[in-house]
Amino acid sequence: MYEELKNSDYEVYLALNKEFTRESENIELIASENFASKNVLMVQGSILTNKYAEGYPSKRYYGGCEYIDQIENLAIERCKKLFGAKFANVQPHSGSSANMAAIRSLINLGDTILGMSLDAGGHLSHGYKLSFSGKDYKSYSYGVDVNSGFIDYEEVYKIAKEVKPKLIICGASAYPRKISFKKFSEIAKSVGAYLMADIAHIAGLCATGYHENPLPYCDIVTSTTHKTLRGPRGGLIMTNDEEIAKKVNKNVFPGIQGGPLMHVIGAKAVMFKEDLEDSYKEYIHQVILNTKAMCDEFIKLGYKLVSGGSDNHLLLIDVKSSVNMSGKEVEKLLEKVNITLNKNTIPGDTLPPLESSGVRIGSPAMTSRGFKEKEFIEVTRLIDKAIKNKDDEIKLKNIKEEVISLVKAFPMFNR
Ligand code: DSN
């Protein structure tokens with residue numbers, strides 16, 4: 001296939017080939033990325049992309065949807081089984097569109113929402129002023145305790161009592177600790193608000209029992225499918241409430257989307273089946289062990305971690321206090337040695353987001369490649385070595401060679 005592409009579209013072929021080499025030869029530590037299985041990639045790149053199927057199984061606006069219905073029903077049933085949910089919509093094109101449809105299913109435009117602030121680890125679609133969620137709704141935010149790095153539930157309650165939100169959103173993109181959905185639900189109930197959890201990052205942990213399941217506590221749960229779930233890029237929405245489920249279906253289609261991406265929904269079905277297997281539970285357990293191993297090693301090497309450690313798949317390092325570099329500088333430096341991660345603001349950050357005082361590091365992707373604690377400890381030492389030799393181009397070149405030889409022993413297509 002790639003040979004045909006090479007002949008007909010050399011520019012795309014070349015960039016794709018280079019990206020292939022980059023992914024194979026880099027240590028991927030971006031906490032929201034992962035390596036999808038061959039079957040997920042195959043179905044996502046399949047003929048299902050040819051089909052229009054506006055509507056839902058058995059209620060389509062196009063003919064020829066017999067097999068498409070089977071595929072979407074499989075995705076829905078497997079998703080419900082994986083999370084113990086009564087209703088699931090697997091059509092959202094992304095996490096942000098899942099959140100847009102979910103919020104519209106619970107409250108009216110102009111109502112008040114309360115979500116985690118972006119600089120404390122929240123997501124754009126949880127009320128950030130430049131996102132639809134901050135423009136369409138009156139948005140307030142809670143953060144974390146600047147000293148401990150943990151969510152202060154008393155503080156969340158105080159803000160909620162003051163701003164009286166119609167909806168509270170919990171869930172984060174850069175929070176290394178467990179989130180108590182139970183505590184959030186008590187707060188939401190006490191102020192008469194709906195509760196929505198966005199588990200895009202920790203979905204795999206929730207599905208396998210390594211994190212509290214939000215479904216018993218929340219009116220709506222949203223997620224992406226390409227992070228810890230290891231599926232195609234996309235979103236999903238779940239609820240246990242039949243009335244809310246009806247609103248969700250209407251708000252996804254025709255509310256904010258037209259035709260579903262059936263090739264992606266097919267790949268989601270494959271992913272859910274993989275995630276129901278025992279080996280997936282073992283994978284998530286290893287993700288947590290690997291993060292813990294990195295935390296311990298970074299602490300040993302003298303780095304300051306936000307909240308002092310991690311309960312999940314990611315950690316945040318305060319690089320400004322640890323090594324007097326900005327997150328941007330560390331990100332750029334590590335790119336030189338084939339280690340990919342992202343700069344990230346830390347609680348109380350004095351630097352702007354594009355500079356940042358921290359970096360975020362996740363273990364899901366390299367755990368999929370087969371890295372265990374030993375390799376993650378090695379990665380931690382390589383990061384430290386690069387930082388300590390940041391001005392020595394020869395040493396950095398040697399570190400890059402070490403990275404490539406480490407990563408090459410763990411091929412991308414191992415499932
Ligand atoms: N961009 C994602 C992340 O990196 O966490 C959130 O959508």
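Every number for a ligand or one of its atoms is a count from 1 in the order of the listing.
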Distance alone, cut at 3.5 Å: any donor-acceptor contact between the side chains of Asp384 and Tyr303?
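Looking only at side-chain atoms, Tyr303 and Asp384 do form a donor-acceptor pair, the distance falling under 3.5 Å.
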
Relative to the heavy atoms of [X], which atoms of ligand 1 are at a distance of less than 4.0 Å?
{"X": "His201", "answer": "3 (C), 5 (O)"}
{"X": "Ser32", "answer": "3 (C), 4 (O), 5 (O)"}
{"X": "Arg360", "answer": "3 (C), 4 (O), 5 (O)"}
{"X": "Ser173", "answer": "5 (O), 6 (C)"}

Atom 1 (N) of ligand 1: any protein heavy atom closer than 4.0 Å:
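It does not; no protein heavy atom is within 4.0 Å.
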
Heavy-atom nearest neighbour in the protein, as seen from atom 7 (O) of ligand 1, with distance rounded to 0.1 Å:
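For atom 7 (O) of ligand 1, the nearest protein heavy atom comes out as His123 NE2, 2.9 Å.
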
Does Lys268 use its side chain to pair, donor to acceptor, with the backbone of Gly235 at less than 3.5 Å?
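Yes.
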
Under the 3.5 angstrom rule, does the side chain of Asn26 hit a backbone N or O of Glu28 as a donor-acceptor pair?
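Not confirmed, Asn26 side chain does not pair with Glu28 backbone.
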
Arg230 charged N/C atom sitting above Tyr280 aromatic ring, 6.0 Å / 45°
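No, Arg230 does not lie over the aromatic ring of Tyr280.
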
List the steps, then state whether side-chain contact (heavy atoms from CB on, under 4.5 Å) holds for Tyr137 with Arg104.
CA-CA 10 Å; Tyr137 305 96; Arg104 284 175 169 222; 3.5 Å; yes

